[in-house]
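Each chain gets a letter, A, B and so on, in the order the sequences are listed, and its residues count up from 1.
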Number of protein chains: 2
Amino acid sequence: MEHITIKDIAKALNLSTSTVSRALRGSHEINPVTKLLVMEYAEKFNYQPNPIALSLKENKSRSIGVIVPEIDNPFFSQAINGIEDIAYNKGYQVVIFQSHESYEREVINTQHITSRRVDGLLISLSGQTTNVEHLKNLHDKGLPIVLFDRISDEINTHKVISDNFEGSFNGTEHLIKTGRKRIAHIAASPHLSISKERVKGYLAALAKHNIPVDESLLKYCNYGLQDIEVVIDQLFANETPPDAIFTASDRLALGCLSTLKKRNIKVPEDIALIGFTNLKVAALLAPSLSTIVQPALDMGKRSAELLFDLIENTSKLPKSYRTFKLYTELIVRNSSVMKSDEERL
Amino acid sequence: MEHITIKDIAKALNLSTSTVSRALRGSHEINPVTKLLVMEYAEKFNYQPNPIALSLKENKSRSIGVIVPEIDNPFFSQAINGIEDIAYNKGYQVVIFQSHESYEREVINTQHITSRRVDGLLISLSGQTTNVEHLKNLHDKGLPIVLFDRISDEINTHKVISDNFEGSFNGTEHLIKTGRKRIAHIAASPHLSISKERVKGYLAALAKHNIPVDESLLKYCNYGLQDIEVVIDQLFANETPPDAIFTASDRLALGCLSTLKKRNIKVPEDIALIGFTNLKVAALLAPSLSTIVQPALDMGKRSAELLFDLIENTSKLPKSYRTFKLYTELIVRNSSVMKSDEERL
DNA sequence: TTGTATGCGTTATCAA
DNA sequence: TTGATAACGCATACAA
């Protein structure tokens, strides 16, 4: 790829590079005639400033890094959609990394991130990540970072989450109000902030309604279908099996649904199911899936906005960082409500 | 973010930058002792070469651009997953752009792409794109480009598609074999290569089985739910409505399913439905969705591999470019087969 | 074996 | 109003 440079223009017009540079940037200390000449030539030969040269000079890249566990997860692809949207309007480019839920991979990604000289980082932690030194180091060195969804208390910066506690509380309470007595909760990785918050919401709802906690009904589970099958089987090996399952993620809910079908356990008759998800197809599942919706797109947008706030004000650091809690919404569909329950609502 | 540079190391060790540079790159013309000294210092202070400086020098960026219509579309997010996988192993970074199915946006994206000096471009065309001059220009200037999924005949380069004709043919024939007589086909944007190929497959299957083509059963449709509702209503306003719908994409199939439910039209009893999709949840829909699976991940991987082939051999251009056709697979589920049909298969 | 000088494309500083 | 020069970080041709 050949690119025309300022030098080329200068040579062609018999000017110095500095004059051309100034003319291009519309400097007022340049002769209007010269300016026009340069502008026209640049236009004609489609001059585009070399952003790499600018990056080197200004020591910034006008790009931001995004590390997510998996791109191919609707929550994250929606979030990235939102991030790209904001970045596009700011003239920034988005560089994508996947941790594949691996701590090692996440650490390597952060190394790439720094070596790439991105101007900021958006990250949602991997399920394996317990130690966040790699991020702390970056942050201490002055890299603007915003955490979203899967966050950590140990990093003092802006964060964006959905109201996991409330969503979880509402979901659980919904199950209680429709008459369920033994409500299981299947959470994702126990390390994750989202898991902890959702477990708290679950427990709080039980407590409010004076339902004793049965430890055997609280499970942590990986996303693999096999893992889910094991957990379901454990739950049903219980002396008094659960009559409802509240899962802490979209993937888990899908896995449960699939396993329950396989085991010939009827939803919602034998067991109610409610997810924590954002799947567009949730309404089309059999049965349609009750769920707590997270605003993935908005979370992405908000995170990106906060990051650009930080990037554009690196000199004056905010005195205090904030954690933004976005709304969740309980959507009741068929997987959690029987015909006979409906009056009760 | 402060970064240690070669200059810093040189100063600290009282060497010249060239010596440090050579030592770092393991040059054989350097004193082993000096080399060790430099290496240790670099290690200790976590020296990372500045890729921007390298880019400027070598006129390449070790990054590739990816332009897709929407990240938040399972097909593309899976493809990007594959792309990222290959790029990661090659030490390249992936810069993401969305065209949002808009031609204008796609053109702007290609401008950003060039200005960013990416080393290559992977693109799947927007639904509005009929003119590909913007891509031809880039390609003529020497930018390695690989098209995937939504391709164009007018650009002579490597392309990766799934076998749309065969998939479409098999899907249609499956409907014929299960006794359907009036099979509608709902395609996406008529400009898209995938639409054309899938329509061909559909027509070929009808022809093979001597079923006359009814133009009123061939529809083109945008992804919006409202657009789909209009098309479904048109189809059912027909004197003899269809008894099967073969949709050319995942989103269309979902929209159809949802609309048919709303209209109280039973699938598969009143009408069979089959999609062209890769949704992981297809099996969990009500009814479970018969579909033609595209290997999105593999398509992404293959495209990226081809792109790196081109990037790493820019000097010797391949004499001929190839279009790689990846397998598709018909998966029969409940949306296309009634109990009574099953013996017939 | 090491050092000096140059250039990648751009802009800022200083001089004219 | 314009030009010469240096600098960003690195690699390399050339010199020592």
Side-chain angles (χ1 to χ4, degrees), chain A residues 1-39 41-42 45-63 91 114-119 141-142 314, chain B residues 1-39 41-42 45-63 91 114-119 141-142 314:
Chain A
M1 292 268 325
E2 293 288 301
H3 288 275
I4 182 176
T5 71
I6 284 189
K7 211 183 269 185
D8 298 326
I9 301 178
K11 208 173 290 172
L13 300 181
N14 240 315
L15 292 167
S16 75
T17 56
S18 26
T19 304
V20 174
S21 171
R22 279 185 281 238
L24 252 16
R25 328 199 76 240
S27 165
H28 285 292
E29 51 181 16
I30 238 75
N31 187 326
V33 182
T34 314
K35 202 186 282 185
L36 198 69
L37 212 64
V38 171
M39 289 298 209
Y41 192 93
F45 291 93
N46 188 28
Y47 168 77
Q48 290 182 313
N50 184 331
I52 293 173
L54 287 174
S55 289
L56 183 60
K57 193 132 192 44
E58 298 170 6
N59 201 26
K60 46 186 181 173
S61 62
R62 287 196 82 76
S63 70
T114 50
S115 100
R116 262 285 144 176
R117 309 298 204 262
V118 298
D119 296 341
K141 282 185 193 155
T314 31
Chain B
M1 293 268 322
E2 292 288 304
H3 288 275
I4 182 176
T5 70
I6 283 190
K7 210 185 271 185
D8 298 327
I9 301 179
K11 208 173 290 172
L13 300 182
N14 240 314
L15 291 166
S16 76
T17 57
S18 39
T19 303
V20 174
S21 172
R22 279 185 281 241
L24 251 19
R25 326 201 78 241
S27 165
H28 284 291
E29 50 181 16
I30 238 75
N31 185 326
V33 182
T34 313
K35 204 187 280 186
L36 198 69
L37 212 64
V38 171
M39 290 296 210
Y41 191 92
F45 290 94
N46 188 28
Y47 167 78
Q48 291 180 312
N50 184 332
I52 293 173
L54 286 173
S55 290
L56 184 60
K57 186 131 192 49
E58 298 171 6
N59 202 27
K60 46 187 182 173
S61 61
R62 287 195 85 75
S63 69
T114 51
S115 99
R116 262 286 144 174
R117 308 299 203 265
V118 298
D119 296 342
K141 281 184 194 156
T314 31

Legend entry - Residue pair A/Arg116 / B/Arg62: nearest heavy atoms and the distance that separates them: NH2-O, 3.1 Å
Legend entry - Which atom of A/Ser55 lies closest to which atom of A/Ser61, heavy atoms considered: OG-CA, 3.4 Å
Legend entry - Flag, side chain of B/Thr17 to backbone of B/Ile6, donor-acceptor distance under 3.5 Å: no
Legend entry - Contact residues, residues 49-61 of chain B to DNA chain C [heavy atom, < 4.0 Å]: B/Leu56, B/Lys57
Legend entry - Residues forming a ring-ring contact (aromatic ring centres under 6.0 Å, His included) with A/Tyr41, sequence neighbours excluded: A/Phe45
Legend entry - Relative orientation of the end axes in the helix from C/dT1-D/dA16 to C/dA16-D/dT1, expressed as an angle to the nearest 10° (five pairs per end): 60°
Inset, instruction - Report the C-alpha separation of A/Val38 and A/Leu13 in whole Å, then their side-chain angles, then the decisive distance to 0.1 Å, and conclude whether the side chain to side chain contact (heavy atoms under 4.5 Å, CB included) test is met. - result: CA-CA 8 Å; A/Val38 171; A/Leu13 300 181; 4.0 Å; yes
Legend entry - Worked check of side chain to side chain contact (heavy atoms under 4.5 Å, CB included) between A/Asn50 and A/His3: CA-CA 9 Å; A/Asn50 184 331; A/His3 288 275; over 6 Å; no
Which atom pairs, one a donor and one an acceptor, fall under 3.5 Å between side chains of residues 20-28 of chain A and the rest of the protein, sequence neighbours left out?
| unit_1 | atom_1 | unit_2 | atom_2 | d |
| --- | --- | --- | --- | --- |
| A/Ser27 | OG | A/Glu29 | N | 3.3 |

Inset, instruction - Tell me which residues in residues 26-38 of chain A put a heavy atom below 4.0 Å from DNA chain D, sorted by number, or none. - result: A/Glu29, A/Ile30, A/Asn31, A/Thr34
Inset, instruction - Would you classify A/Arg22 as touching base, sugar-phosphate or nothing, given that sugar-phosphate means primed atoms plus P, OP1 and OP2, and contacts are heavy atoms under 4.0 Å? - result: base
Inset, instruction - May I ask you to verify whether the side chain of A/Arg117 and the base of D/dG9 hold a donor-acceptor pair under 3.5 Å? - result: no
Legend entry - B/Lys60 atom NZ: more than 12 heavy-atom contacts under 6.0 Å: no
Legend entry - Members of residues 5-18 of chain A that approach DNA chain C, where some heavy atom sits under 4.0 Å away: A/Thr5, A/Ile6, A/Lys7, A/Ser18
